[in-house]
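Below is one structure, written out as structure tokens, with a few remarks after it.
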Amino acid sequence: MSDSFDVKLEETVYLPDPSIRDQSWIGDYDAEYQRFLRNPDGFWEGIADELEWFRKWDHVKKWNPPYAEWFTNAQLNITHNCLDRHATGERRNKVALIWRGEKEGQERVLTYRQLYRQVMRFASALTKMGITKGDTVCLYMPLVPEHIVALLACARIGAVHNIVYGGFGASALNARIRDSGAKLVITSDVGYRRGKRVALKAIVDEAVVNAPTVEKIIVLRRSDPGPELFSEMEVDFYEVLESGDTTCEAAVMDAEDPLFILYTSGTTGQPKGIVHTCGGYMVGAYYTTKYVFDMKENDVHWCTADPGWITGHSYIVYGPLSVGATVLITETVPDYPDPGIFWRIVEDFGVTIFYTAPTAIRMFMRVGEEWPNKYNLDSLRIIGSVGEPLNPEAFEWYYRVIGKNRCPILDTWWQTETGMHMITTMVGEPMKPGFAGRPIPGVVADVVDAQGNPVEPGTGGLLVIKEPWPAQMRAVNNDDARYRAYWETINGYYTAGDLAVKDEDGYIMVLGRSDDIIIVAGHNLGTAEVESALVSHEAVAEAAVIGIPDPVKGQTVKAFVILVNGYTPTDKLKSDLTYHVRMGIGPIAMPSAIDFVDSLPKTRSGKIMRRVLKAQELGIDPGDISTLEE
Ligand code: WTA
């Protein structure tokens with residue numbers, strides 16, 4: 001891992017209209033940041049006080065590195081803040097959720113009151129099924145309102161949800177069910193994608209074999225006629241819902257009780273089950289939604305992520321609902337039935353805040369501005385990006401074509417582990433394409449060398465967070481060593497695993513991962529995960545994968561494979577292996593190219609040197625290769 005290097009910085013500055021800053025919740029960034037620095041606990045306490053608690057905290061935080069506690073002894077339920085607070089007050093008839101299916105006219109709207117009552121009913125039904133506080137429930141669902149109802153119902157009764165993205169294959173799902181010990185799986189027979197059905201239940205059927213903790217499966221039947229269910233284990237979603245009482249009190253949760261587990265790729269071994277807790281996570285998701293997105297009463301918020309990623313947890317569900325916003329969700333993909341669909345949805349529903357990923361923005365750029373230009377995008381107020389670096393060309397296009405040179409762009413840097421936005425250019429501040437921006441008030445971020453010394457502006461280094469924050473992960477499920485490694489690798493700082501560079505004004509440009517994580521279309525993949533999927537094929541003796549640049553997806557997976565003696569390298573075998581990875585992990589992990597090789601570059605201790613493969617592939621300098629065997 002290189003720890004510092006020179007980066008040539010070219011800067012353009014975009015100055016937003018001053019009225020944006022004057023009318024924003026945050027106001028003067030510098031003043032807010034200084035206010036935070038003067039009294040960090042007081043700053044967070046002020047945010048927490050905007051929410052409702054059953055009992056307030058004894059301490060804002062207890063920091064016993066690397067273990068943090070936030071809002072010690074406070075009691076709350078996040079669904080009380082996302083639902084009861086609005087549904088029993090003035091927002092009762094406000095629209096909480098708008099769902100748009102793939103087809104025009106497939107629309108469902110739920111007010112806060114309606115969502116609240118459905119969640120209570122489902123929560124009560126889960127209780128009757130024997131699900132209690134602390135049990136884990138796995139959700140593997142398409143993006144429909146029932147998904148949101150189910151996950152909020154879990155939170156209402158204190159069950160820990162583990163949402164698995166519907167694009168993952170059976171072995172990835174099985175690994176997550178097993179590691180989290182899920183007692184219940186909630187799924188749907190199918191999802192719809194690009195006009196086709198995606199079988200979800202069939203994957204669950206395969207994934208629950210060898211998952212002894214699973215007692216029941218709830219199935220939302222969307223196809224007609226729906227599949228037959230096996231009554232020993234399977235129950236219909238609406239039958240469950242109807243068995244619930246009309247009300248269900250929110251469970252009283254300790255601030256440090258777990259709220260959810262969400263798996264993210266690790267550099268070695270199995271994916272990591274990142275554990276977030278109720279109190280701190282709620283405060284972080286609420287704060288960033290209100291103050292970073294500058295969310296106002298009449299906003300219509302559309303985050304194009306899936307609830308299976310942290311972005312969906314924080315900015316489809318918990319953040320916007322805790323603020324009391326109107327949230328748009330859709331099963332639609334950006335290019336079906338045509339690449340104008342997202343802009344049509346913006347126009348149809350008057351979306352004001354739009355949050356997507358650079359890979360989508362680059363796809364829109366490629367198909368041309370005639371698509372967005374067909375629609376009226378005047379409702380847009382703020383546009384955002386997350387998941388990987390937003391390159392300056394994509395920034396400029398997004399700003400001009402979508403934001404019409406008037407909407408601020410929020411290039412938000414954060415992670416599954418951070419739970420909330422950490423670095424961005426707050427609305428109203430000068431924006432610099434290519435730079436995410438500065439740490440938000442509440443966050444202390446820096447770029448350092450391997451010893452933890454800050455590097456000079458213009459020198460690349462490692463991105464770290466120096467102080468705890470409320471929505472920080474509290475554990476890696478079943479793996480304390482991996483949790484500790486985040487805080488114990490560099491001088492007691494939280495190591496993000498990203499390379500970055502700062503400029504003279506403290507703006508941070510994130511350059512990419514410093515480790516073996518490949519980001520394909522904004523989705524993290526561990527090299528180890530993909531390699532072990534390949535090696536699980538009988539023809540493969542050894543495998544190594546690297547990320548190679550892709551103009552739209554950012555990166556794609558390239559695999560190098562050594563075959564077991566007796567197997568012949570053929571195109572048929574390449575497609576078998578690609579299919580094998582697809583079925584195991586899911587379509588995002590599918591290699592875009594496979595090379596059959598006789599050997600792989602390794603260190604003397606036997607570790608594969610992926611950077612050597614990468615250097616060969618891209619024709620660049622491999623760096624220090626003194627540890628390379630022969
Ligand atoms: C990358 C997603 C550059 C980064 C919320 C990080 C980014 C990883 C940005 C976390 C950004 C996320 N600019 N890179 N604005 N946002 N990343 O856990 O490498 O799915 O470490 O969380 O995505 O991905 P994760």
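When a ligand or atom number is given, it counts from 1 through the structure's own listing order. Since this is a predicted model, take the numbers as computed values, not measurements.
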Trp70 side chain reached by Pro468 side chain, heavy atoms, under 4.5 Å: yes

May I ask you to establish whether Arg438 and Tyr33 are in a cation-pi arrangement, using a distance under 6.0 Å from NZ or CZ to the six-membered ring centre and at most 45° from the ring axis? no

Under the 6.0 Å and 45° cation-pi test, does Lys61 pair with Trp44? no

In the structure I gave you, are the side-chain heavy atoms of Ile585 and Glu529 within less than 4.5 Å of one another anywhere? yes

Of all pairs that satisfy ring pair (Phe, Tyr, Trp, His ring centres under 6.0 Å), the ones with a partner from residues 503-525, not counting sequence neighbours: Tyr165-His523, Trp309-His523

Listing by chain and number, which residues have a heavy atom under 4.0 Å from ligand 1? Ile310, Thr311, Val386, Gly387, Glu388, Pro389, Asp411, Thr412, Trp413, Trp414, Gln415, Thr416, Asp498, Val510, Arg513, Ile519, Asn524

Whether Thr412 side chain and Ser385 backbone form a donor-acceptor pair below 3.5 Å: yes

